[in-house]
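In what follows, a structure is listed as structure tokens, so that the remarks can point back to it.
Here is how names work: the chains are called A, B, and so on, in the same order as the sequence lines, proteins then strands, and each is numbered from 1.
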Amino acid sequence: MAEFLTPQHEDFSKWYNEIVLKADLADYSPVRGCMVIKPYGYTLWERIREELDRRFKATGHVNAYFPLFIPQSFLSKEAEHVEGFAPELAVVTHGGGKKLDEPLVVRPTSETIIGHMYAKWIQSYRDLPVLINQWANVVRWEMRTRLFLRTTEFLWQEGHTAHATSDEAMEETMRMLNVYTDFAVNEGALPVIPGRKSEKEKFAGAVATYTIEAMMKDTKALQAGTSHYLGQNFAKAFDIQYLDENNELQYVWTTSWGVSTRMVGAIVMAHGDDHGLVLPPRLAPIQVVIVPIWRKNKEKAAVLAAARNIEARLRGLVRVKLDEREGLSPGWKFNDWEMRGVPLRVELGPRDIEREQVMIARRDIPGREGKVSVPLTALETTVQTLLDTVHQALYQKALDFRESHTYDVKTYDELKEAVQHGFARVLWAGDGEDEEAVKAETKATLRCLLAEPAETPGKCVYTGRPTDQVAIFARAY
RNA sequence: CGGGGCAUAGCGCAGUUUGGUUAGCGCGCACGGUUUGGGUCCGUGAGGUCGGCGGUUCAAAUCCGCCUGCCCCGACCA
């Protein structure tokens, strides 16, 4: 077979760039660092959005929309926040042909403007909690960009909640981390490690940042979602106060949490193979593609009729597409849909019609081994079962991959070696400077600190100090 | 912002070293026919300010200068 795609082992980065373009997920825009999300990629994002949104609603959240433009002064109200974002802000200085009195920042995230509004809206403990999410675009002027993984403008959701107590806010923070984990596993077939970010890696302005970290097929880590416990930092910066039951003025406790279009990149890099995308069935824009096969023109009508019948039977049950394109051979279409990662392919030709069956090919198992013949009577049930099977198989495969590339190491030398091949799981008691040193030497960063203490405490892999805190180190996106 | 690479048809490239008349090739695209169980075949055709500006020259895709953009690596980051 000719090469349509750079093999992953040859150049993973190149493979990624090619597949994003060839699978029609996105295209480069005329503006540096920005991307056009094409319909196929956008539909995938819509699926992600639908499944996340469903979970947000189920946990009591409502959607709202806050403006793109933020007065520049807002950003500086929270010291860490401004420091964290200042270098990557896009600033509007002119409007309507005139220089603005105060420049407007294009939101890099909305804590500040939402904090400002919450201060207005929240008066009493009866107003709490406020549980708002917004789906929006944000802009961060990144030095180096990659499609979906890091673009100047990207799409995301950002939840912003305000609570009466610290405990409630922390509970919310963890609830949403769990929502993200559940989404990643059950929709994306993406095994993730939930954990807390180190002081060095946490969100600018947060008291604590929690993350879900996934392993990509090049063994690098990718942060797929974050949930921040903001304490009273923004409440104090924006004066968000309420009167409690005792008529005493209190600052609220806030959280924020987000998942971005980067999730698309995570899915591409966690499941994709040398034939192209491999999409998790529950998120795939098209779950089942039907490729009709005919040899002679006189066969065409019968095959197409049968194919349309199958499409009609599956429609409503799954997201199905019948590929009626003319002039393309079945083999060409097979490869085309494999490139696009469609989980199941139904092949239907004269032989199948004669035998009252179809061939169903699984995207996650390339070639003949992934094909089964299915009697027409069992079409619907088999398709639905297979979609679940593929989901499970993808999850298990990704999990096995991560596990076989995760190393429990005891010494710094071992860590240095381990992060060249995957995740290093270590005991850690170092500080930000120690992390910096590890990064300078290994290019690996502290991805997250696990909630569970080590079963057998020991010495920090770097400082030698006694600890039971477990950390994951890895090279990361 | 530093280092490297690239810029010629929609995409991928050759041609540039050593300047020379009409800038080629593959894929894709359009049309006609043929075909279709793992990227069919034949024919016809459309498509180019050779990234931009300036310079050298009788003559520039080719040599020189400046600029711009993109990709990769690094610093920064979801």
Start with the C-alpha distance between A:Thr445 and A:Arg447, add both sets of side-chain angles, then the distance that settles side chain to side chain donor-acceptor pair (under 3.5 Å), and finish with yes or no. CA-CA 6 Å; A:Thr445 50; A:Arg447 300 318 301 159; 2.8 Å; yes
Using a heavy-atom cut-off of 4.0 Å across all strands, would you classify [X] as base, sugar-phosphate, or nothing?
X	result
A:Gly258	nothing
A:Thr261	nothing
A:Leu149	base
A:Met339	base
A:Pro350	base
A:Glu142	base
A:Thr151	base

With centres under 5.5 Å and planes under 30° as the test, does A:Phe154 stack with B:rA78? yes
Record whether the side chain of A:Arg368 comes under 3.5 Å of the base of B:rG37 through a donor-acceptor pair of N or O atoms. no
Distance-only donor-acceptor test (3.5 Å): side chain A:Lys371, base B:rG38: yes
Gap in Å between the two [atom1] atoms, one belonging to [N] and one to [M], rounded:
N	M	atom1	result
B:rA9	B:rG24	C1'	11 Å
B:rA14	B:rC53	P	24 Å
B:rC29	B:rU22	P	32 Å
B:rG48	B:rG37	P	36 Å
B:rG47	B:rU8	C1'	14 Å
B:rC13	B:rC6	C1'	12 Å
B:rA30	B:rC76	P	49 Å
B:rG28	B:rG69	C1'	25 Å

Between A:Trp156 and A:Pro366, which residue's closest nucleotide on RNA chain B lies nearer the 5′ terminus? A:Pro366
Taking for A:Leu348 and for A:Ala476 the nucleotide of RNA chain B with the nearest heavy atom, the one nearer the 5' end belongs to A:Leu348
Nearest listed nucleotide, side chain of [X], among [options]:
X	options	answer
A:Glu338	B:rG38, B:rC72, B:rA78	B:rG38
A:Met359	B:rG37, B:rC71, B:rA78	B:rG37
A:Arg262	B:rG38, B:rU40, B:rA78	B:rA78
A:Phe334	B:rG38, B:rC71, B:rA78	B:rG38
A:Lys443	B:rG37, B:rA78, B:rG74	B:rG74

Does a nitrogen or oxygen in the side chain of [X] sit under 4.0 Å from OP1 or OP2 of [N]?
X	N	value
A:Arg140	B:rC76	no
A:Lys439	B:rG74	no
A:Asn17	B:rC71	no

Between [atom2] of [N] and [atom1] of [X], the distance in whole Å:
X	N	atom1	atom2	result
A:Arg107	B:rA78	CZ	P	18 Å
A:Lys220	B:rA78	NZ	P	15 Å
A:Arg146	B:rG74	CZ	P	10 Å
A:Met269	B:rA78	CE	P	15 Å
A:Lys202	B:rA78	NZ	C1'	17 Å
A:Asp336	B:rU40	CG	P	11 Å
A:Glu354	B:rG37	CD	P	18 Å
A:Ile353	B:rG37	CD1	P	16 Å

Using the salt bridge (Lys or Arg N to Asp or Glu O under 4.0 Å) rule, collect all pairs that involve residues 368-377 of chain A, keeping only residues at least two apart or in two chains. A:Glu347-A:Lys371
Tell me if the aromatic rings of A:Phe154 and A:Trp45 count as close, with their centers under 6.0 Å from one another. no
Going by purine N1 to pyrimidine N3 plus the second Watson-Crick contact, or the G-U wobble pair, all under 3.5 Å, which nucleotide sits opposite [N]?
N	value
B:rC58	B:rG20
B:rG48	none
B:rG28	none
B:rC1	B:rG74
B:rG69	B:rC6

Knowing that exactly one of A:Val268, A:Val342, A:Leu44 qualifies, which makes a side chain to side chain contact (heavy atoms under 4.5 Å, CB included) with A:Leu279? A:Leu44
Please round to the nearest 0.5 Å and tell me the distance separating atom CH2 of A:Trp135 and atom CD of A:Gln157. 5.0 Å
With the threshold set at 4.0 Å, does a side-chain nitrogen-carboxylate oxygen contact exist between A:Glu50 and A:Arg47? yes
Partner set under side chain to side chain donor-acceptor pair (under 3.5 Å) for A:Ser227, not counting sequence neighbours: none
Check: protein-nucleotides 32-36 of chain B nitrogen or oxygen pairs below 3.5 Å:
| residue | atom | partner | partner atom | Å |
| --- | --- | --- | --- | --- |
| B:rU36 | OP2 | A:Arg295 | O | 2.3 |
| B:rU36 | O2' | A:Trp294 | O | 3.2 |
| B:rU36 | O2 | A:Leu328 | O | 3.3 |
| B:rU36 | O4 | A:Trp294 | NE1 | 3.1 |

